[in-house]
Visitor: 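One structure, pasted below without further comment.
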Amino acid sequence: MEKVRVRFAPSPTGKLHIGGARTALFNWLLARSTGGTFVLRIEDTDVERSTQASVDQIISSLKWLGLDWDEGPEIGGEYGPYFQSERLHLYEDKAQELIDKGKAYLCYCTPEELEAKREEARRTGRPPRYDGHCRNLSEEECARLAAEGRQAVIRLKVPETGETVVDDLIRGRVVFQNSILDDFIIIKSNGMPTYNYACVVDDHAMRLTHIIRAEEHLSNTPRQVLLYQALGYELPQFAHVPMILAPDRSKLSKRHGATSVEEFRDQGYLQEAIINYLALLGWSPEGTDEIMPLEDIVKQFSLERVSKNAAIYDTKKLTWINGYYLRNLPGERVVQETLPFLKRLGLIGEEPGEDELRLAHDSVLLTRDRAKTLEELADAVSYFFKDGFDYDEKGVQKHFSDPAAADRLCQARARLEALADFTYESIESEYRQLAEELGIKAAQLIHPTRLALSGRTIGPGLFELMALLGREKCLKRLERAIDFIGQRTVE
Ligand code: GLU
Ligand code: ZN
């Protein structure tokens with residue numbers, strides 16, 4: 001079999017969206033699972049909407065996701081350049097060839113004239129397609145129109161009858177009537193190629209074997225097939241991956257929450273979780289286990305297991321997967337990933353010292369089972385770093401309103417102060433013993449202590465928490481809580 005060559009071809013007009021990332025991933029997976037080549041090509045011919053900032057963002061998101069390319073920006077390759085804006089001469093040359101062969105022609109209709117015709121078509125209930133007005137202009141007529149100062153576009157001659165077939169690896173055979181595809185523009189009046197045209201010229205020039213892209217592009221594909229035919233190029237294999245819809249089956253948009261890879265990263269989603277989740281948007285593994293690290297996905301991936309049906313985008317599932325990776329990735333990695341979030345909350349410095357790093361390490365490992373995102377995790381360990389937290393309202397009602405609470409905390413405080421060594425085991429046995437002496441359940445000591453030390457009602461095991469916090473902080477925080485309870489009773 002011919003070696004697989006696939007590409008991801010984003011237009012740099014915004015951040016890398018979940019849909020784009022999924023397209024990139026499926027292309028990357030096909031390349032990696034077959035020993036093929038993954039190309040990154042930037043489709044920046046829309047001068048008004050393309051920005052360098054978007055190029056940078058897309059590249060950094062792809063890198064962050066671990067979707068490395070074998071040819072493309074920054075690394076080059078045999079078929080470059082990989083920015084369409086640097087390939088304009090190629091589109092010009094090919095367009096001239098098409099004109100010379102009588103397969104394309106110059107059209108001098110002005111936008112106003114075209115709009116008037118469209119309006120007329122609407123009024124009389126006809127489809128608003130270009131009427132082929134300039135199809136057979138003589139050279140003299142062209143010269144005269146140009147002399148009027150008209151700017152020409154180049155249009156492809158599309159057969160008026162017959163059909164164009166797209167054989168799609170996912171969607172099967174899709175037939176389009178040529179009568180609905182008018183003579184579309186391939187070079188705009190500003191000299192820039194249109195998407196369909198530049199895409200075909202490049203997909204061929206870059207020797208791509210499979211065009212894997214979103215279903216939204218299926219309606220462009222017959223035009224591209226016509227271009228392949230006009231240019232005398234062999235067709236690649238097409239695979240249109242299913243739409244991604246919101247849970248209510250509407251089009252995915254901002255109101256469904258984060259939609260770009262960058263936003264998810266900022267909210268504390270791990271690369272592993274996003275990749276795993278994206279793979280499941282349209283593709284399914286053979287087994288029932290949906291938690292799959294990338295290496296396993298690469299081993300199993302095939303286009304045959306990509307569904308035709310729309311994929312439903314469900315952040316709950318992503319969050320659940322993220323929680324799994326937070327609990328199961330190597331601890332050191334989770335710690336490293338949490339550091340930026342601790343910095344963002346001002347819990348550690350920009351250049352954290354050894355003590356800060358040690359506390360970050362221990363508190364994150366102690367707490368990671370309880371968080372679903374890095375953002376949550378950073379918040380969940382915040383009390384290890386700062387003293388002046390508020391006490392949880394409900395917790396105060398429950399654990400600080402018992403008249404005996406202050407007294408119990410006082411006693412606990414005294415015992416902790418006198419402990420020979422301040423370890424998890426010694427604290428625990430002291431607490432259990434004190435509870436027994438007071439004739440209460442250990443929980444009646446544990447809950448108010450947790451609230452006093454963390455401001456919260458839930459968290460990691462209390463004795464581990466205390467050992468990590470250290471004696472001095474524990475004593476101070478118990479005093480603060482005792483004062484707080486005292487003031488409440490006075491009020
Ligand atoms: N630049 C197009 C886009 O971002 C590429 C579509 C394609 O893959 O052909 O939608
Ligand atoms: Zn015209």
Side-chain angles (χ1 to χ4, degrees), residues 5-28 30 38-46 49-50 54-55 57-58 61-62 72 82-85 87 104-118 129-138 141-142 144-146 148 150-158 166 168 182-189 192-204 206 208 210-225 227-228 236-241 243-244 260:
R5 287 181 57 84
V6 286
R7 65 7 176 228
F8 176 51
S11 304
T13 56
K15 294 177 178 171
L16 181 62
H17 279 243
I18 281 304
R22 196 265 316 249
T23 300
L25 173 64
F26 282 20
N27 276 287
W28 185 93
L30 188 68
F38 177 56
V39 178
L40 176 61
R41 178 175 79 222
I42 305 293
E43 303 210 322
D44 56 350
T45 56
D46 184 340
R49 297 177 56 226
S50 301
S54 299
V55 174
Q57 268 163 349
I58 291 169
S61 291
L62 287 172
Y82 293 91
F83 285 81
Q84 286 191 326
S85 59
R87 304 171 63 82
Y105 60 91
L106 293 167
C107 160
Y108 287 93
C109 298
T110 63
E112 294 74 30
E113 286 166 350
L114 292 172
E115 182 48 37
K117 281 186 186 168
R118 270 197 295 270
R129 40 200 298 277
Y130 178 68
D131 64 359
H133 179 264
C134 304
R135 243 185 190 222
N136 299 305
L137 293 181
S138 64
E141 283 167 309
C142 284
R144 183 177 54 76
L145 292 165
E148 282 177 19
R150 289 170 180 253
Q151 297 279 319
V153 301
I154 303 177
R155 290 182 185 270
L156 187 78
K157 267 187 201 164
V158 172
V166 176
D168 190 277
D182 57 2
D183 288 356
F184 58 91
I185 298 176
I186 60 172
I187 301 274
K188 296 185 254 185
S189 58
M192 287 303 217
T194 54
Y195 152 67
N196 278 319
Y197 173 62
C199 179
V200 167
V201 170
D202 285 346
D203 285 344
H204 174 79
M206 296 179 178
L208 296 159
H210 295 71
I211 306 304
I212 306 173
R213 63 185 165 210
E215 190 185 331
E216 286 89 315
H217 284 292
L218 184 61
S219 59
N220 286 316
T221 311
R223 292 191 175 85
Q224 298 191 8
V225 169
L227 278 163
Y228 278 96
Q237 303 259 317
F238 291 103
H240 287 88
V241 296
M243 306 245 249
I244 303 177
S260 71

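Order of appearance sets the numbers: ligands from 1, and atoms from 1 within every ligand. Computed from heavy atoms alone, side chains included, the values below leave out hydrogens, waters and symmetry copies. For clarity, every value in this text was computed on a predicted model and none was experimentally measured.
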Visitor: Quick one: does ligand 1 sit under 4.0 Å from the side chain of C199, the backbone, both or neither, non-hydrogen atoms only?
Guide: side chain

Visitor: Does any N, O or S atom in Y130 come within less than 2.8 Å of the Zn ion (ligand 2)?
Guide: yes

Visitor: Going by the order shown, which atoms of ligand 1 are within less than 4.0 Å of some heavy atom of R7?
Guide: 7 (C), 8 (O), 9 (O)

Visitor: Heavy atoms only: which of E43, Q224, Q84 is nearest to atom 2 (C) of ligand 1?
Guide: E43

Visitor: Yes or no on side-chain contact (heavy atoms from CB on, under 4.5 Å) for C199 and R223, after CA distance, side-chain angles and deciding distance?
Guide: CA-CA 11 Å; C199 179; R223 292 191 175 85; over 6 Å; no

Visitor: Report the C-alpha separation of D203 and R41 in whole Å, then their side-chain angles, then the decisive distance to 0.1 Å, and conclude whether the salt bridge (Lys or Arg N to Asp or Glu O under 4.0 Å) test is met.
Guide: CA-CA 10 Å; D203 285 344; R41 178 175 79 222; 2.8 Å; yes

Visitor: For ligand 1, which atoms, with element, lie under 4.0 Å from some heavy atom of Y195?
Guide: 2 (C), 5 (C), 6 (C), 7 (C), 9 (O)

Visitor: Suppose we measure from atom 10 (O) of ligand 1 to each protein heavy atom; which comes out shortest, and what is that distance?
Guide: H217 NE2, 2.8 Å

Visitor: Measure up the Y228 and F238 rings against each other and bin them: parallel (under 30°), tilted (30 to 60°), perpendicular (over 60°).
Guide: perpendicular

Visitor: Got an N, O or S from H133 under 2.8 Å of the Zn ion (ligand 2)?
Guide: no

Visitor: Is there any N or O on A9 that sits under 3.5 Å from an N or O of ligand 1?
Guide: yes

Visitor: Is the closest heavy atom of F8 to ligand 1 under 4.0 Å?
Guide: no

Visitor: Quick check for you: with the Zn ion (ligand 2) as the vertex, what angle do SG of C107 and SG of C134 span, to 10°?
Guide: 120°

Visitor: Consider ligand 1: state whether an atom of it lies below 4.0 angstrom from any non-hydrogen atom of E216.
Guide: no

Visitor: Considering non-hydrogen atoms only, spot the tightest contact between A104 and I154 and give its length.
Guide: CB-CG2, 3.9 Å

Visitor: Test P10 against every option in L40, L16, T23 by the side-chain contact (heavy atoms from CB on, under 4.5 Å) rule and name the one that passes.
Guide: L40

Visitor: Looking only at side-chain N and O atoms, does Q224 offer a donor or acceptor that is under 3.5 Å from a partner on N196?
Guide: yes

Visitor: For residues R150 and C109, report the shortest heavy-atom separation together with the two atoms involved.
Guide: NH1-CA, 4.1 Å

Visitor: Given salt bridge (Lys or Arg N to Asp or Glu O under 4.0 Å), test E113 with K117 step by step and report yes or no.
Guide: CA-CA 6 Å; E113 286 166 350; K117 281 186 186 168; over 6 Å; no

